[in-house]
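Here's the structure we're looking at; comments come further down.
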Amino acid sequence: MASNTVDVLVAGAGPVGLTAAMQLARWGLSVRLVDAAPGPATTSRALGTHARSLEIYDQLGILGDIAPHGTRVNAFVRHQADRTTRVDFDYGDLVTRFPYMFNVDQVITERVLRGHAVSAGIDVEWNTKLESFQPHADGVTAVLRSGDRTGAAQETVRAQYLWGCDGGHSTVRKALRLPLAGEAAHTWLIADAIVHTAVERDGVHWLFPPGGALMLFPFPEPGKWRLLDSQVKGNLNIQR
């Protein structure tokens with residue numbers, strides 16, 4: 001049974017929350033990891049991973065489980081009218097073992113992190129929302145709500161620290177009145193699909209059909225690409 005007194009309560013089981021909970025548990029702290037979602041994400045999410053993230057995955061000992069599911073990207077290719085322009089990435093000035101961009105699906109990254117978190121003794125408590133919290137001089141008291149609306153149950157948890165890793169609509173951020181900088185400039189259709197095309201698979205491609213723009217990001221599976229299309233006004237995530 002989960003304890004209602006812990007060293008750290010982590011809200012949000014995305015890549016940040018999973019990484020934090022896993023490593024804190026490895027260091028010997030008691031941790032609970034909660035997420036309001038009913039279960040792990042299955043839809044198209046973040047993809048691009050850069051050198052510093054790869055270094056952290058390597059330091060955590062999980063890169064070997066992530067790398068086989070990704071694709072190294074070497075260039076940005078722009079297709080407009082009859083002209084194709086390729087710009088190769090140059091990370092030569094970076095002091096790193098990973099001087100490149102790496103595409104790996106966030107769903108894969110989270111799956112790997114969950115597995116290592118379980119090995120460290122951390123199970124995600126799905127369908128459990130951070131309802132509210134009250135900071136104190138020596139910690140924080142948090143109220144969790146678990147279950148659906150008809151069978152919801154509340155629980156009070158005392159923690160030394162609360163980590164808000166709960167995304168753009170963060171309960172923690174809003175309660176602390178911290179602004180979310182920036183604004184959405186485009187609305188995109190996102191799809192992971194098999195595409196019959198002869199373009200090179202080591203680059204990100206940007207095409208300009210009439211009235212919009214289309215980007216293609218390669219996956220390691222034959223013929224599979226992520227498509228980002230800015231022509232639509234609504235946002236759609238296509239489930240695998």
Side-chain angles (χ1 to χ4, degrees), residues 14-16 19 40-60 62-113 167-168 180-240:
V16 176
T19 301
T42 59
T43 52
S44 307
R45 299 194 177 203
L47 190 66
T49 306
H50 295 279
R52 184 58 187 139
S53 295
L54 295 173
E55 290 173 347
I56 292 172
Y57 294 156
D58 190 34
Q59 292 164 3
L60 295 175
I62 66 173
L63 182 58
D65 295 328
I66 293 176
H69 303 285
T71 304
R72 179 169 172 168
V73 178
N74 300 314
F76 183 85
V77 187
R78 180 185 177 100
H79 307 265
Q80 192 161 18
D82 296 329
R83 182 178 180 183
T84 298
T85 305
R86 178 184 173 101
V87 178
D88 287 287
F89 299 147
D90 182 7
Y91 296 105
D93 293 335
L94 289 183
V95 182
T96 179
R97 292 173 49 216
F98 310 103
Y100 48 82
M101 177 180 171
F102 192 71
N103 278 356
V104 61
D105 194 342
Q106 180 176 327
V107 170
I108 299 292
T109 303
E110 291 182 4
R111 186 175 70 198
V112 171
L113 285 166
L180 181 63
E183 60 184 24
H186 301 283
T187 300
W188 298 88
L189 172 80
I190 305 176
D192 295 345
I194 301 298
V195 179
H196 299 286
T197 176
V199 299
E200 297 178 351
R201 294 186 57 78
D202 71 332
V204 173
H205 297 266
W206 196 7
L207 301 89
F208 294 87
L214 177 67
M215 299 188 76
L216 283 79
F217 299 79
F219 281 99
E221 296 87 348
K224 185 177 179 181
W225 296 80
R226 170 158 298 168
L227 287 74
L228 300 182
D229 183 354
S230 66
Q231 295 187 48
V232 298
K233 299 301 181 183
N235 191 9
L236 175 64
N237 279 328
I238 297 181
Q239 186 169 346
R240 294 167 183 77

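Worth knowing before you read on, the calculation uses all heavy atoms, side chains too, and leaves out hydrogens, waters and symmetry mates.
Counting only heavy atoms from C-beta outward, the side chains of His50 and Tyr91 approach each other to under 4.5 Å. Between Phe98 and Asp58, some side-chain heavy-atom pair lies under the 4.5 Å cut-off.
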Exercise. Take Val199 and Val77 through the test side chain to side chain contact (heavy atoms under 4.5 Å, CB included) and record every step on the way to the result.
Key: CA-CA 9 Å; Val199 299; Val77 187; over 6 Å; no
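Rounding to the nearest 0.5 angstrom, the gap separating the CG atom in Leu189 from the CG atom in Leu227 is 8.0 Å. To the nearest 0.5 angstrom, Phe102 atom CZ is 7.5 Å from Leu63 atom CG. The CG atom of Leu228 sits 8.0 Å away from atom CG of Leu214, with the distance rounded to the nearest 0.5 Å. In this structure, CD1 in Ile194 is found 7.0 Å from NZ in Lys224, a value given to the nearest 0.5 Å. Note: Ile190 CD1 to Met215 CE = 12.0 Å, rounded to the nearest 0.5 Å.
The minimum heavy-atom distance between Gly48 and Asn103, with the atom names listed, is CA-OD1, 3.8 Å. For the residue pair Pro218 and Gly203, the shortest heavy atom distance occurs at CD-O, 3.4 Å. Scanning all heavy atoms of the two residues, the minimum distance from Leu216 to Leu207 falls at CD1-CD1, 3.2 Å. The two residues Leu180 and Gly168 make their nearest non-hydrogen contact at CD2-O, 3.7 Å.
Checked by atom type and distance alone, the side chain of Arg97 never pairs as donor or acceptor with a backbone atom of Ala51 at under 3.5 Å. His205 places a side-chain N or O within donor-acceptor distance of the main-chain N or O of Glu200, the cut-off being under 3.5 Å. No donor-acceptor pair under 3.5 Å is formed between the side chain of Arg83 and the backbone N or O of Arg78.
The side chain to side chain donor-acceptor pair (under 3.5 Å) search around Glu55 returns Arg52, Thr96, not counting sequence neighbours. With sequence neighbours left out, the side chain to side chain donor-acceptor pair (under 3.5 Å) criterion links Asp88 to Arg86.
Among Glu110, Arg226, Arg111, the one residue that satisfies the side-chain contact (heavy atoms from CB on, under 4.5 Å) test with Asp105 is Arg226.
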Would you list the atom pairs, donor with acceptor, under 3.5 Å between side chains in residues 65-75 and any protein atom, with sequence neighbours excluded?
from	atom 1	to	atom 2	distance (Å)
Asp65	OD2	His116	NE2	2.7
Arg72	NE	Asn74	OD1	3.3
Asn74	ND2	Asp202	OD2	3.4

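Under the 30°/60° scheme for interplanar angles, the aromatic rings of Trp206 and Phe208 are found to be tilted.
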